Number of protein chains: 2
Amino acid sequence: MPTTGNLLSPKDLSIAIGVSESSLKRWTDRGLLQVSRTAGGHRRIDRNEAIRFVRARKMSLVRPEILGLPGSVAANPEIDLTTLENPDEAFLELMRRGHDLGARNHLFQRFLDGETIAALADGPIRESFDRIGELWHHGPEGILIEHRATEICVGLVIELSKMVRNDRAGPRAIGGAISGDEYKLPPLLTTAVLQEHGFRAVNLGPNTPIEVFELACFTDDPEQRPDFVWMSINDLPPEAPGLSSQVIDFAARCVEENLTLVVGGRTARELDFDRVPSIPVHGSMTEFAAFVEGWNAERN
Amino acid sequence: MPTTGNLLSPKDLSIAIGVSESSLKRWTDRGLLQVSRTAGGHRRIDRNEAIRFVRARKMSLVRPEILGLPGSVAANPEIDLTTLENPDEAFLELMRRGHDLGARNHLFQRFLDGETIAALADGPIRESFDRIGELWHHGPEGILIEHRATEICVGLVIELSKMVRNDRAGPRAIGGAISGDEYKLPPLLTTAVLQEHGFRAVNLGPNTPIEVFELACFTDDPEQRPDFVWMSINDLPPEAPGLSSQVIDFAARCVEENLTLVVGGRTARELDFDRVPSIPVHGSMTEFAAFVEGWNAERN
DNA sequence: AGAAAAATCATTCAAATCGTCCATTATCCC
DNA sequence: GGGATAATGGACGATTTGAATGATTTTTCT
């Protein structure tokens, strides 16, 4: 965790500008960068001095968020996001304002600090969209915020998923959100989590009919057949009761054919899986990730 | 070891391009390639700037992976794409089979060879989705292909758009697809083309009500007010005649308020803009890009 | 308060990069 | 083809960088 307050350690700043700690300390010794010292002789760099330094030398920043820059916090002095007790609140605020770079810096800092994609999905992302979703009913402004935030977040999740993807052969997974479910983010996040765990994951996206799931899963071509299927259910329209039984039929067939099916999403638990009790139903991405880890361990 | 992160050393890039370090340094000194400097005077090259450079100079990459880019197109043994006379056919075939890596190789190779995002949008991407769209009516298999291809392509376009984006201040653009238009790709491509031309572009995504456009465009906050608005119309439902006149009212108000509005998309020409003849309507991304270029030139 | 863990110190050294010069190769113009 | 011009790649000593070291300081935890 970067040093709190207004003083940076040499390591923090060296990470921010993507240079070795040794070099940074040499620069301070040459007087290129002012430092104060603790009683014990450790260097402490004032944030403003750090900003002056990178500006004066036109250096590019690898991780601007460490300086509290991306044009985000510094350009929006009205709200100092660092004072917010809950980091998820900061992300929400950035998304609400459509501040794409700030949101990217925030999310990526947490990712690089070790949070998994699943944790980010259940934390800042879900939190933000829960709150932003409430706005949606408050007229055009809510819709504007929701649309903008969704597009930004789609881009960020895709960027994250390309960072964790490895192209070696892993188990094949396929999935999507069912008919009538128009949410783009849950399938994307699920794909990202699977890629994080070494899968070759195919995303069918939102609003995918059951027939398409069946076709994709029960193909005769052994090259195409997946090892793992997931289904996201975030918006089960009440006017489609037939859909519910279709899903359960599909689940039953997956059990028959010995294919792992996992169901998740906000309204997934509303389905009655008593007929096929072996179908795991998850309420969060963290749960899902834990299951995937177990499945992977069992497989090897 | 290639430098980690987003900054390359001259040696890294020289190896990637397959050219001597001397030449590379000479190019930077002539300003052909932007570099930042460490405090000690060593050159550091931003990845996106490196990509811009090799593209502008039409150089071939000996080691593309150093820039995080795919290798040659030939990396697809299963499909011999070289026998296809039309390269767009090759892309279609890759998308049809859901071959994400192959599609990425193909698209990025052409991008590196100098094709603009607009050209790729009108070429392989539009071509493929025209053909894939026909399949859509042929039952589940068509839907499967279309869903999978869409998700792959969304990822690729986002990746491309992040390569051409520069974070310096440019004119602000905002836009999206109107109510009832659920296509995700056109707004994404439009955003990418605008970023390619230096805009700070905000994407409101598909299915955006007119009221949201009005709110976003005619806000009183001068910090938020865009310089440029675009609207994508790919699927005007005939049962919504009111929508048509709403769009035209919005266009009229844009003219009044001296805000540039551009309309595009498959069914855009079906609208009757006689009342506001100064609204440009485009049928292709190439046309749109040409207009944007002109607008930019006029502005400076 | 005190012990254990983590971060930082100053220093050293090999590898990378600097700027510059020069011989060789490619390109252009007649 | 021949000569002028520009671009390339390699070599040079000087400087900068990044990683490792063992000693010290700061932070964390009980």
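Small disclaimer: the values here were computed from a predicted structure and weren't measured. So you know, we letter chains A, B, ... as the sequences are listed, proteins then strands, and number each from 1.
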J.: Could you check how far CD of B:E21 sits from C1' of D:dT8, rounded to whole Å?
T.: 14 Å
J.: Does a side-chain N or O from B:S9 land closer than 4.0 Å to OP1 or OP2 of C:dA16, or not?
T.: no
J.: Using only atom types and a distance under 3.5 Å, with no angle test, would you say the side chain of B:R47 pairs donor to acceptor with the backbone of B:I66?
T.: yes
J.: Touch check for B:R43, heavy atoms < 4.0 angstrom, all strands: base, sugar-phosphate only, or nothing?
T.: sugar-phosphate
J.: Using only side-chain N and O atoms of B:R37, determine if any of them is under 4.0 Å from OP1 or OP2 of D:dT15.
T.: no
J.: Examine D:dT25: is either OP1 or OP2 under 4.0 Å from a nitrogen or oxygen in the side chain of A:T38? Give yes or no.
T.: no
J.: Using a distance-only criterion (donor-acceptor N/O pair, under 3.5 Å, no hydrogens), is the base of D:dG10 paired with the side chain of B:S20?
T.: no
J.: Measure from the side-chain heavy atoms of A:R30 and tell me the nearest of D:dG9, D:dT16, C:dT17.
T.: D:dT16
J.: I'd like to check A:F199 versus A:T191 (side-chain heavy atoms, cut-off strictly below 4.5 Å). Are they in contact?
T.: no
J.: Atom CZ of B:R44 to atom C1' of D:dT17: distance rounded to whole Å?
T.: 8 Å
J.: If you find the nucleotide of DNA chain D closest to A:H42 and the one closest to A:S23, which residue's nucleotide is nearer the 5' end?
T.: A:S23
J.: For the pair A:F288 and A:F228, name the ring-plane relationship: parallel under 30°, tilted 30 to 60°, perpendicular over 60°.
T.: perpendicular
J.: Check this one for me: any side-chain N or O of A:K25 less than 4.0 Å away from OP1 or OP2 of C:dT8?
T.: no
J.: Is a donor-acceptor pair below 3.5 Å formed from side chain A:R26 to base D:dG18, judging by atom type as modelled?
T.: yes
J.: Look at all strands and tell whether A:K11 reaches a base, only sugar-phosphate, or nothing, counting heavy atoms closer than 4.0 Å.
T.: sugar-phosphate
J.: Heavy-atom nearest nucleotide on DNA chain D for B:W27 versus B:A39: which residue maps closer to 5'?
T.: B:W27
J.: Answer yes or no for B:R55 and B:F111: cation-pi contact, defined as NZ/CZ to six-membered ring centre under 6.0 Å and angle to ring axis within 45°.
T.: yes
J.: In whole angstrom, give the distance that lies between atom CG of B:L7 and atom C1' of D:dT16.
T.: 16 Å
J.: Report yes or no: is there a donor-acceptor pair, N or O only, under 3.5 Å between the side chain of A:S22 and the base of D:dA19?
T.: yes
J.: Just how far, in rounded Å, is P of C:dA16 from CG of B:D12?
T.: 10 Å
J.: Check whether any side-chain heavy atom of A:D46 lies under 4.5 Å from a side-chain heavy atom of A:Q34, and answer yes or no.
T.: no
J.: Let me know the distance between CG of A:D29 and P of D:dT15, rounded to the nearest Å.
T.: 18 Å
